[in-house]
> 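Have a look at this one.
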Amino acid sequence: MSVTETGESRRIDEREYRALCRTFAEREIAPRWAEADSAAEFPRAFYEAAAQAGFVGVTFPPALGGAGLGCTEEAVFLEEASRVNPNFAVAILVQYVAGSVLARFGTAEQRRLAADNAAGKCLLALTLTEPGAGNDIQAVATTARRDGDAWVLNGLKAFITLGGVADVLLVLARTDSDRGRAGMTFFAVDRDTPGIVTTKMGTWVNRPAPTYKVAFDDARVPDTRRLTAGFRELMEAFNRERILVAARWLGHMQHALDWAVRYARERHQFGRPIGSYQSIAFQLAQAHVDVEATRRLTYHAARRWDDGVPLAELILDVSSAKLFATQAVVRVTQTALHVAGGWGVTDELPAMRMALDALVAPVTVGSWEIQLRAIARRMGLPCD
Ligand SMILES: Cc1cc2nc3c(=O)[nH]c(=O)nc-3n(C[C@H](O)[C@H](O)[C@H](O)COP(=O)(O)OP(=O)(O)OC[C@H]3O[C@@H](n4cnc5c(N)ncnc54)[C@H](O)[C@@H]3O)c2cc1C
């Protein structure tokens, strides 16, 4: 059973849903991904195809064009998509998190943006991080100043996935500099608003879902685009995102392991498959345990989220899943790289690319240290 954004519940067979996701990923994403990767541009057609197939707005109620499902189904889609390509998965992950904030906390007008998002007509970007506000998101310095029936935004955001191609940016800004976290609010801002300039960042990862710097210079946003959501809702969104991030890396490590096992069976040295050497086989067996442990932690957290377990209680599950997944994906992809030998670092095999993509896992959406701190605090330790 899954719970939707409106609290309605719906039943769906998880195996059937997974089969649908896998078919979509293999048919729609796999054959066209290499081209998008070398262009280092996000192919909007992929988002539109995912929306048309019903994989965007998964948790929105049917009135918003959603499927009325839950976090578990979002995780299933991201896992399956990530098995084919982790960068497509991250673009959809951003839609899930930003779309959910609009669908849950938006006004009627703002919820229409969520409906457009589910229909493939409104690509979203989650616009939180700043040069001075990474893990410490309370340090956000972008300001929103009231001016008549509008707000005037000034500041600089960084690392915004799809920031230069999204239709609407979900921006976290400070409306009151004296009220700490209580003075923070979300705005749903049209990217083509005068005063907004986006610049693509050069990164070694996520090439087809690039990140951007987004500068706001007296960008006027109508008051109707100010959400009631603030810091509390942001924390909820972050925790949901962490489960989805774990699912994304689960698909990635499964893909790396499947590839490495095939390679170890096919590659012969000294007249035998390299997988017949215990030292190689044991590394792959160890990687299998990493994958299965991640799967259990991730879906345990997702199902409890859908069961409505209070956030304070759920944090232990969420942070454990996120921490383990982001550590395991580095181990598993390093194993795949090792098994591939010297050929692993060539562009004839996918091993190096898989390992490179995984390197960002431990530092985004709350780094290892932030997850460990959350776990320690829930254990009753006065950890700072
Ligand atoms: C590819 C990519 C895509 C991204 N997409 C988005 C996006 O779409 N939207 C968005 O808003 N952001 C996005 N981000 C930003 C991402 O979430 C931040 O990079 C992340 O929050 C880390 O911030 P930072 O790089 O400033 O690191 P910092 O916060 O400066 O951390 C640096 C180091 O210090 C450690 N550290 C920090 N605080 C503590 C502490 N209290 N205790 C112990 N150690 C600590 C960290 O663990 C880390 O090792 C993206 C980043 C990347 C790389």
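Atoms within a ligand are numbered from 1 in the order they appear, just like the ligands themselves.
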> Ion pair present between E109 and R112, side-chain N to carboxylate O less than 4.0 angstrom?
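Salt bridge flag = no for R112 with E109.
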> Please list all pairs passing the ring pair (Phe, Tyr, Trp, His ring centres under 6.0 Å) test where one or both residues lie in residues 128-186, with sequence neighbours left out.
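Passing the test, one end in residues 128-186: W151-F187.
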> Are there any N/O pairs under 3.5 Å between ligand 1 and the protein, and if so, what are their distances?
residue  : atom   : partner : partner atom : Å
ligand 1 : 5 (N)  : F159    : O            : 2.9
ligand 1 : 5 (N)  : T161    : OG1          : 2.8
ligand 1 : 8 (O)  : T161    : N            : 3.0
ligand 1 : 8 (O)  : T161    : OG1          : 3.2
ligand 1 : 9 (N)  : L126    : O            : 2.7
ligand 1 : 11 (O) : L126    : O            : 3.4
ligand 1 : 11 (O) : L128    : N            : 3.0
ligand 1 : 11 (O) : T129    : N            : 2.8
ligand 1 : 11 (O) : T129    : OG1          : 3.1
ligand 1 : 12 (N) : T129    : OG1          : 2.7
ligand 1 : 14 (N) : F159    : O            : 3.4
ligand 1 : 17 (O) : V365    : N            : 3.4
ligand 1 : 29 (O) : N135    : N            : 2.9
ligand 1 : 29 (O) : N135    : ND2          : 2.9
ligand 1 : 31 (O) : N135    : ND2          : 3.4
ligand 1 : 47 (O) : S367    : OG           : 2.4
ligand 1 : 47 (O) : E369    : OE1          : 2.6

> Just one of R240, R242, E241 clears the side-chain contact (heavy atoms from CB on, under 4.5 Å) bar with V318, so which one?
R242
> Only one of R18, Q254, R248 passes side-chain hydrogen bond (donor to acceptor under 3.5 Å, both in side chains) with E79; say which it is.
R18
> Can we say R262 and E266 salt-bridge, meaning some charged N sits less than 4.0 Å from an Asp/Glu carboxylate O?
no
> Check whether any side-chain N or O of Q95 sits under 3.5 Å from a backbone N or O of L124 as a donor-acceptor pair, and report yes or no.
yes
